[in-house]
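Before any comments, here is the structure.
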Amino acid sequence: AESFQIEDIRLEGLQRVSAGTVFEQLPINVGDSVDEHRLVTASKQLFRSGLFNDIQLLRDGDVLIVRLVELPTISSIEISGNKAIQTDMLLDGLKQSGLAEGLVFKRSTLERISLELERQYVSQGRYDARIVTDVEALPRNRVGLNIEVEEGNVASIAHINIVGNEVFSDDELLKQFELQTSNFWSWYASDDKYAREKLAADMETLRSYYLDRGYIRFNIESTQVSLSPNKDSVYITLNVSEGEKYDIRDIRFAGNLVVEEEELSQLLFVGEGDTFSRRRVTASSDWMSKRLGNDGYTFAKVDGIPDIDDDNRQVDLTFFVEPGKRTYVRRVNFAGNESTLDEVLRREMLQMEGGWASTEKIDAGKARLDRLGFFKTVTVDTPTVPGTDDMIDVNYNVEEQLSGSLNFNVGYAGSSGVILGASVSQNNFMGSGNRMSLGVQKNNTVQSYNFSFFDPYYTIDGVSRGYNLFYRETDYESLSAVSDYQTNTKGGNLTFGYPISNRQRLSFSAGLTSTDMFRGSTVPAEIIEFIEDEGDHFLEYKLGLSWSYNALNRGLFPTAGTEHKVSADISIPGSDLTYYKLNYSANYYFPLGGEWSLRLRTELGYGDGFGDQERLPFFKNFRAGGVGSVRGYSSNSLGPKGLPEYNVVELSQTDANGDILYELDELGRPEVDTSVPTVVYKEDEDGAAVAVSNSNRYKPVYQLADNGSIATAPYFVESERALGGNINTEASVELIFPFPFVEDRSSLRSVLFLDAGNTFTDQCYTPSDSDVPTLTRHPYCENGFDINEVRTAVGAGVTWITAIGPLTFTYSIPLNDKSGDRTEGFEFSLGQVF
Amino acid sequence: CSSTPEQPQSSLSSIDDQLDVDVEWRLNLGQQAGTRLNRLRPAVQNDTVFMASADGRVLALELASGAEQWQLTLEQNIIGGVALAGDQLFVSTMDGMLHSISTAGELQWSSALASEAVASVASDAQRVFVHTIDGRLSAYQRDNGEQLWTYEHAMPVLSVRGTSSPLVLEQLVVTGFASGKVVALDKRLGIPRWDVRLAIPDGRSELERLVDVDGTPVWDNGVIYAASYHGKVAALSPRGEVRWQEDGSSYGHPVLALGSLYLSLDDGTLQAYDIYNGANQWTQTILQGKALGQVTVFDRYLAVADDEGFLYLLSLVDGELLARERMRPKPLHKNVPNSPEMTNWRGLRGRDFGLSAPMVATERGLLVTSNTGELLLLTVHADQ
Amino acid sequence: CSNSPVKTDEKTERQYYQEAREALDNENFLVAMERLRQLDSRYPFGQYAEQGQLDMMYAHFMTADMESVLTASERFIRLHPLHSQVDYAYYLRALATYELGFSFVERYLSDDVARRDPTPMRDAFAHFSELLIRFPDSPYTADARARMEFLRQRLASYEVEVARYYMKRHAFIAAANRCQDVLLHYQNTAAVADALAVMVEAYDELGMSDEKANALALLQHNHPQHPQLNDGRFVSSGLAQADRGSLLNILSFGLLD
Amino acid sequence: CSTLFGDSFRDRSEDYLTTEPVASTTTPEGMTPLVYDDALAIPELPVVPERPDSFTVPRPAPLDVDDNDTDSASLAEYRSEALNPRLDQDGAGTQILRLDSGYAQSWASVTEAISASDLKLMDLNRSTGTFFLQITPEVDESKQGFWSPLFGNDEPEAQVFLLKMNRAHSGVYLSLLTDNDNLADEALTQSVLSEVLRQLES
Amino acid sequence: CAFPGVYKLNIQQGNIVTADMLQQLEPGMTQRQVVFVMGTPVLRNPFEQRRWDYVYSLEKRDEVVKSYRISLFFDEQGRFSHHTGSLPDEEFSEENQLNTLPEEQVSPNTIEVAE
């Protein structure tokens, strides 16, 4: 082939590779004379650089033109069809094996990608996942990779079999396992999805189950995990040898006990002669090292070592006590309190810097921080101070939680003109640990202001001081209908409280309230009589005393522990109204394991007048119903009703079983008389009238009084609100469960509840003749507690802590509501944590 | 632009059945085997069929009519069997016990195994050999069940469900293991004579490293044939030399007929090899993508079934698909005594109509057990 | 088959970058950020992309999105450790951490003492000092150094604040230890004077007279105008007696005791 | 009340501009001098910068756009620029190889230098300025235990290193990184960069 | 008045020193040996390098009920030479502030064992 001398070399089609690189790789130069053969070898060598998809050599006179097509680079990797593993997790996996955007795209790259993705799914037990990748050409020599993932499903467990167990049946043992064969609950708990760590954990549970019941020689000989050919079910077999049951022969202590042996042996959960149980041995050692920790030996170690005598199947237990050195605390540090003051956390500490370290005080510190209710999570760790072996730092790490509510409303309503309302309440006001709330409402008819401030640490020991002021002025004249009664109140009180032990507090309060009362248009007799006797303006000097015991494990959403409160409020002599009210409330939380717990709540109250009040003033009555009391019933709607207004109605005669007797025409059919009202009345046993509908206007046979005229009786108009009573009984049972499908549940509480309760009175108003002529006793009020008057309801509720305050949604189904009860299905409230 | 490679659309529906398959009789054994993937198979002696049901019953039936001759109930679920040797039947149960039952229906002895025995046992005059899923091969006295020796083989972390039944020769007992090896042991002493590796585990995840030899090795005039998953099908001499080996990843074992070796591969392909040099005689890919079970030679055909309940009959000569029959299960009333699993059909998952257990060819017909716990005797005759 | 619709007005790298800079010049940060995001997705590599990432940090900072400044700067430092302007990334990371150290209350409403979580301040100090070590001749060291001195003052004031609590709590050894840490390890801070004053009272309560004398001497020698010194004589702050009244005393508004 | 609004409503994070420095505590004579050791030491700077009196958020310096490498280039004009390769250290003291020539020229000559050297080039990507080198770090003698020659632990397998070319104000510089983006160790960087330098000069 | 007093924390500060610790001290001991016997002194002293003070105080209801101060002296080479100060007579029994073990932890009888 003829050759020619190269005058110049020109490159075409370069985008990212530089001309210099091509010139270096090209074994020919300006001035060489080349023929066909040499050009071919040159382009072959250039191709080996791995940068080009295609190379063409052309000739333009004596100038060699090299036309190149570069290998494309990957510009985008799209993944679709993946649900179990997030896209960026998959991309990270690819990056680790060098497959990322910007890389030169070669055939092998495609295969490496699908292998890597399959590997990620296999690690999740999805053995039958399938990956399909396709390449999409993009302008400027780039390629986009579209990866389609068919995740398949996680191999579910078809069969778990334990071979070689005689003492305990397969069912009994498999109940303890986390892994289960596919069952009804699997969609929720996904417990039938195989994972190696879960199997290891279950094997450990199996071993403990035996070791805790005396089978100290128990051993898992071997385990087999096998997969069905279509890779969607897993078969697990555990081959075990149980060995014999061993008892404990004698128990000894060794090492430096620091504390009296007698005190340590009190903490033994195992006794001589008992069946050996590893859990009880470990529990004993834990308690003993905790006991030493309380005396400053934070690094104490206690190990219960069994010495096994196989012939007569007995075990000698020796507890080796190593107190380690008495430890001291150098610094107590707090982190995560972005807005809460350091002192608000530090004042909760029982453990001092510079003192000997007590595990109990350090743990109590964590519990008290939890109990503040300002923090979502509180963790503590005690690293050793470098360079010493007996000094530690105590580091508390908290995550703050919104603890308060904030809302404004501005509006205009015809009747009340411009409406302006704002209320802000913060339990941790500006991080100071003080509770502050301010409420303002203003429109033409109502002006109400209230302000409260509470400082839990008025003194360093936790003597608290709080005061609140309230002023409420409603111009009732302008209101059209006022139901029952309304009050305007002004006043304030001052409270002090102090701890009398690590968990109990006493508190006192003194206050002054002035109340103006306004009668509604239709008002029960009790109110009328009360206003006639007492007038409508009262000034009260009030004293309060309360004792509280709080051993809850957390302030917000507790899950364990108990809480009791007893309080008494007295309006002392010299006040216009003298009465007292006693109240007891209690909460028990029982953890049920995992995030489940059970709560029992009860609230009891009793009040009475004294001095020249022989009954509790009606507007001080207990009322029940609504969130925080008996859910499923409108708030304040339960309890005895007042003796309502009545109007006198004509009575009709009734037959033996209480139906109305009607005039009959000649054919025996009831006579129709258009002038007869659609409602007729009959008399009940109390002498009150009961309405019966008479829509087709039959003419009733009226009942005649002895003076010949038609007999009449009072027919009462039901009043809106319950009057309440001086006895309050409430109780509820709640099952607290983890809200499903939500990851971060720290600001969520979901419960199933059964509420029961009502208010009663032992001071029923006896209607006097002037009130109602024929009435012998009060139709809506029975004296004393009556079990079948207690209303119950079941339902579910969720509380969500938000910046504007705790939102509570409840849905309840009343169980034994009676006619006349006002019930609620769905209720929503802001600011109330049930 | 690129189109994603489709599943090979097998034009199954288009073939016209050249054979008719009739059901001579069908008997419901009452226990749904689907999810447990039991591979209980019947054993036939003259005119009696001995069969076990997963819920613990051993039955003897008349081969011709399916009529029950006797029935014995064990308290435990049966997971391995039925093996037949002389007048002794062997089954193994979930609690890791091996039971010997006389062909007249009396329980002779039961002895404890080291673990589950999913495959049926094999035996010779004095001994019975059991391969348990923990990788142990043990020998027991046939007359009283006493253990003679046990050989332990190292097991991988993950294996395919199912184990290879032992092949018993004069001096040797040959078994496939989950490690990808075929091992020959001295029958009397239990010491390994030779082993051959049929597959090499490679790849990073446990899944890629599966290499089970789950099919029972086959013996034919002086040559042992075996196949492994992710590995080779091979012909071995009694001294363990490899006469030939070819690619052939399968969950089961090869069968022999007309001088050829037939094997169903894990991707649904069926392959025939020349028994002398392993040369490929024919390859049938029409069933690719189906989950095929163990191939069986029956009459003049090659029979194989899949996990959707279809039975296929192919020509031994060229692999042509001659018949495709759907084994519709006879509906069973809702709940069956002492069977813990749900047995109403709606609750079962699709795969449970499948035919995963191996089939047994007899002169009167082909015995097939379905995942729904039914035993059927099928006969085949040319379509007139 | 569908290939992606090729955008007609396919801009070059340079055009995307110019438009983004324009938006930044007239402080139109949201538009600038959108354009920078487009630049990054179309031309993820090369000098324009790197410069775009630096501008993105600036835009995040100006829109007070400190979290994004942190992630963007840390990513830049990891990907381009030797870029000519990587010192800018180090500086902005430190600045963002510094800003995060001031919660709303601490920034506007409290006095000059740091009373809350010191961790963000310590992190900011570490980030600034990394800038000074790695890039001594960077233009940002002057501002960084001044902020570091201020952070030292605040961290020292935090220690003394804790010591004051322990004085109220009567944990005198804790108070003395915290204050002499300030004396020995937080020199050149205004808090040293208050630390010395607290040491005087703590040693007095502990009955360690010569330590008390030493501390007082240091206070008189270095801070004669300290509020607790009137012409040389030490006046107790009354911390040890603060917040102590008995319940009766409080109830009776301090009359009874 | 002071806690509510503090002495004045201002952004305290700006206070650093106005806080005066405080002198160290000196001991009066007769008292044993105290030994200070600073918990939060401020690193020295060659020249202590004078305190700023105001603060504005700085903007990154603008991009100095170097020559635009067009699609086609001819060999003739390519030869011209001088490389002047030399070993150097960057701000943080990491070993780098500096070249004065432009990006295109430097990329080409370094590629040529590597393929001429005994370093094994696996892959290269001009747009990210990365050469993927496979290097078997030879076991340095000192760590060899007495027994290891006898039992001969398996020879260290090869690792992937990234030789990164970055643009500087003038010219470029190369640095050696491990495959997950952190700097390779001192000795290895030294040997690789000097090998490339030797090839560039030959 | 009849109400129970405000619950006040016991404030404990400093090292616990016992008589047998002091007996184990011998002149010439290195500082490390002294720390092994006495523990690290909690109160650090910026002014004194050659004297260690083991100060102890326990305050109950705002009143120090127990305190002592043991000072250990070292020579120029940093070797222990002698100590001053004495322990209060009665054997030290640091009774625990919260004498009951907190209830919320699992109490012994709640660990049931399935027989």
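Letters A, B, ... are given to chains in the order of the sequence lines, protein chains preceding strands, and every chain is numbered from 1. Bear in mind the structure is a predicted one, so any value in this text is a computation, not a measurement.
A salt bridge (charged side-chain N to carboxylate O under 4.0 Å, His left out) check over residues 153-162 of chain A, counting only residues at least two apart or in different chains, returns nothing.
Summarising the geometry, atom CG belonging to B:D134 is positioned 10.0 Å from atom OG1 belonging to A:T223; distances are rounded to the nearest 0.5 Å. For the atom pair CD1 (B:I79) and OH (A:Y235), the distance works out to 12.0 Å, reported to the nearest 0.5 Å. Separation of atoms CG (B:N77) and CG (A:N161) is listed at 9.0 Å; rounding is to 0.5 Å. Note that OG of B:S115 is 5.0 Å distant from CD of A:Q224, once rounded to the nearest 0.5 Å.
When every heavy atom of A:V163 is checked against every heavy atom of B:M94, the shortest pair comes out as CG2-O, 3.8 Å. In terms of heavy-atom proximity, B:R161 sits nearest to A:S226 at CD-OG, 3.5 Å.
When heavy atoms are compared at a cutoff of 4.5 Å, B:A114 approaches chain A solely by way of its backbone atoms N, CA, C and O. If you measure heavy-atom distances from B:D95 to chain A, the contacts under 4.5 Å come from the backbone alone.
Atom CD1 of A:I308 is surrounded by more than 12 heavy atoms from other residues, nucleotides or ligands within 6.0 Å.
Between A:V225 and B:V157, the closest side-chain pair of non-hydrogen atoms is not below 4.5 Å.
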Using side chain to side chain contact (heavy atoms under 4.5 Å, CB included), reason through A:T237 and B:I133 one step at a time and then give a plain yes or no.
CA-CA 9 Å; A:T237 310; B:I133 65 166; 3.2 Å; yes

